[in-house]
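Encoded as structure tokens, the structure appears first; notes follow it.
For clarity, every value in this text was computed on a predicted model and none was experimentally measured. For ligands, and for the atoms within them, numbers begin at 1 and follow the listed sequence. Only heavy atoms go into these numbers, but all of them, side chains included; no hydrogens, no water, no symmetry mates.
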Amino acid sequence: MLEAIAVSKQFNEKKAVDTVSLRVAPGDIYCLLGANGAGKTTLINLFLNFHPPTTGELRINGKDVVRHAQEVKRDLAYIPEQVMLYGVLSGLENLAYFAELGTGERQPLERLLGLLHDVGLAQDAALHRVSTYSKGMRQKVGIAIAVAKNAKALLLDEPTSGLDPKAANEFSLLLRRAAGEGCAVLTTTHDLFHAKQTASRIGIMRQGRLVAEMAAADVSHGELETLYLDYMSA
Ligand SMILES: Nc1ncnc2c1ncn2[C@@H]1O[C@H](COP(=O)(O)OP(=O)(O)OP(=O)(O)O)[C@@H](O)[C@H]1O
Ligand SMILES: [Mg+2]
């Protein structure tokens with residue numbers, strides 16, 4: 001469970017996030033939309049405790065992310081737009097390294113290969129250096145790391161930007177699978193189509209505020225686009 005309770009973040013004169021409350025239940029994929037500078041990344045970074053909120057509270061599985069920073073880290077996985085991996089290591093070696101870092105335990109080779117297989121990374125690719133990988137392949141390793149950790153909350157910032165439609169679709173399926181296993185997923189995107197395809201709930205941010213929330217099933221692609229553009233021009 002991810003919860004933001006009346007959260008604001010002020011940078012000097014700029015209120016990047018303004019009194020936002022939202023909740024992502026286990027099994028939900030919540031997708032944040034909004035123009036450049038709307039505050040989406042700032043909100044994700046608040047959950048990650050990269051910076052503290054100016055006011056309000058953020059909780060992961062009921063624990064305050066600032067006061068219980070260490071415990072919360074164990075429940076959490078993060079996939080940024082560019083997944084940070086070691087280029088000189090293979091996908092398998094990166095997974096082994098980060099999975100051990102995340103769980104405190106060395107993972108058996110069979111499990112690591114199984115995880116890479118499950119995210120759709122072919123075994124010969126898994127043995128190649130990550131510096132040769134496409135962006136989609138790197139994102140897959142990122143998801144495998146999150147799954148290896150049994151993360152209960154998954155935070156993603158524009159994970160599909162720059163992915164081709166097939167890779168983005170594969171990524172959506174992986175997110176759905178993680179959610180299906182009880183993970184609470186909060187992601188950002190500029191891609192309305194992807195949001196509609198992937199999310200169970202959609203939120204629209206504008207100038208730091210969460211101005212609309214809806215169940216993805218309640219809007220068509222066309223309605224979502226109209227609604228989004230209406231909010232942006234309001
Ligand atoms: N560390 C910082 N110091 C000062 N201002 C910041 C900082 N981080 C973000 N901001 C400002 O906060 C506002 C929200 O930025 P944020 O990156 O959260 O937007 P975003 O919705 O993620 O945009 P994009 O779609 O372009 O990624 C912007 O005006 C930005 O300039
Ligand atoms: Mg951003």
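Contact detail for F11 and H51: the closest heavy-atom pair is CZ-CE1, 3.7 Å. Scanning both residues, L33 and A195, for their nearest heavy atoms gives CD2-CB, 3.9 Å.
There is no protein heavy atom less than 4.0 angstrom from atom 31 (O) of ligand 1. At least one protein heavy atom sits closer than 4.0 Å to atom 6 (C) of ligand 1.
Using modelled atom types, no side-chain atom of R138 and backbone atom of G91 make a donor-acceptor pair closer than 3.5 Å.
Ring orientation note: the planes of Y86 and F98 are close to parallel, at an angle under 30° on the 30°/60° scale.
S161 and H190 are not linked by any side-chain donor-acceptor pair at a separation below 3.5 angstrom, with hydrogens and angles left out of the test.
At least one N or O atom of G39, backbone or side chain, sits closer than 3.5 Å to an N or O atom of ligand 1.
At a threshold of 4.0 Å, the pair E100-K149 does not count as salt-bridged, since none of the basic side-chain nitrogens sits closer than that to a carboxylate oxygen. Salt bridge D75/K63: present, at least one basic N to carboxylate O contact under 4.0 Å.
Under a 4.0 Å heavy-atom criterion, M205 is not in contact with ligand 1.
Ring to ring, Y133 and H128 are not that close: their centroids are 6.0 angstrom or more apart.
Ligand 1 places these atoms under 4.0 Å from at least one heavy atom of T41: 17 (O), 18 (O), 20 (P), 22 (O), 27 (O). Numbered from 1 in the order shown, with element, the atoms of ligand 1 that lie under 4.0 Å from a heavy atom of E158 read 25 (O), 27 (O). With ligand atoms numbered from 1 in the order given, ligand 1 contributes 9 (C), 14 (C), 15 (O), 16 (P), 18 (O) to contacts under 4.0 Å with heavy atoms of T42. Which parts of ligand 1 touch A38 is read off a 4.0 Å heavy-atom cut-off, strictly below it: atoms 19 (O), 20 (P), 21 (O). In the vicinity of A35, heavy-atom distances shorter than 4.0 Å reach the ligand 1 atoms 21 (O), 25 (O).
Of all protein heavy atoms, the one lying nearest to atom 21 (O) of ligand 1 is K40 NZ, 2.7 Å. Closest to atom 12 (O) of ligand 1, if we only count protein heavy atoms, is A16 CB, 3.2 Å. Residue, atom and distance of the protein heavy atom nearest to atom 26 (O) of ligand 1 are N36 ND2, 2.9 Å. Among all non-hydrogen protein atoms, the one lying nearest atom 1 (N) of ligand 1 is F11 CE2, 3.6 Å. Scanning all protein heavy atoms for the shortest distance to atom 29 (O) of ligand 1 gives K14 CE, 3.1 Å. Scanning the protein for heavy atoms near atom 14 (C) of ligand 1, the closest one is G37 O, 3.3 Å.
Put simply, T188 stays out of reach of the Mg ion (ligand 2), with no N, O or S atom under 2.8 Å from it.
From K14, atom NZ reaches atom NZ of K9 across 14.5 Å, with rounding to the nearest 0.5 Å.
R67 meets the side chain to side chain contact (heavy atoms under 4.5 Å, CB included) test with E57, D64; sequence neighbours excluded.
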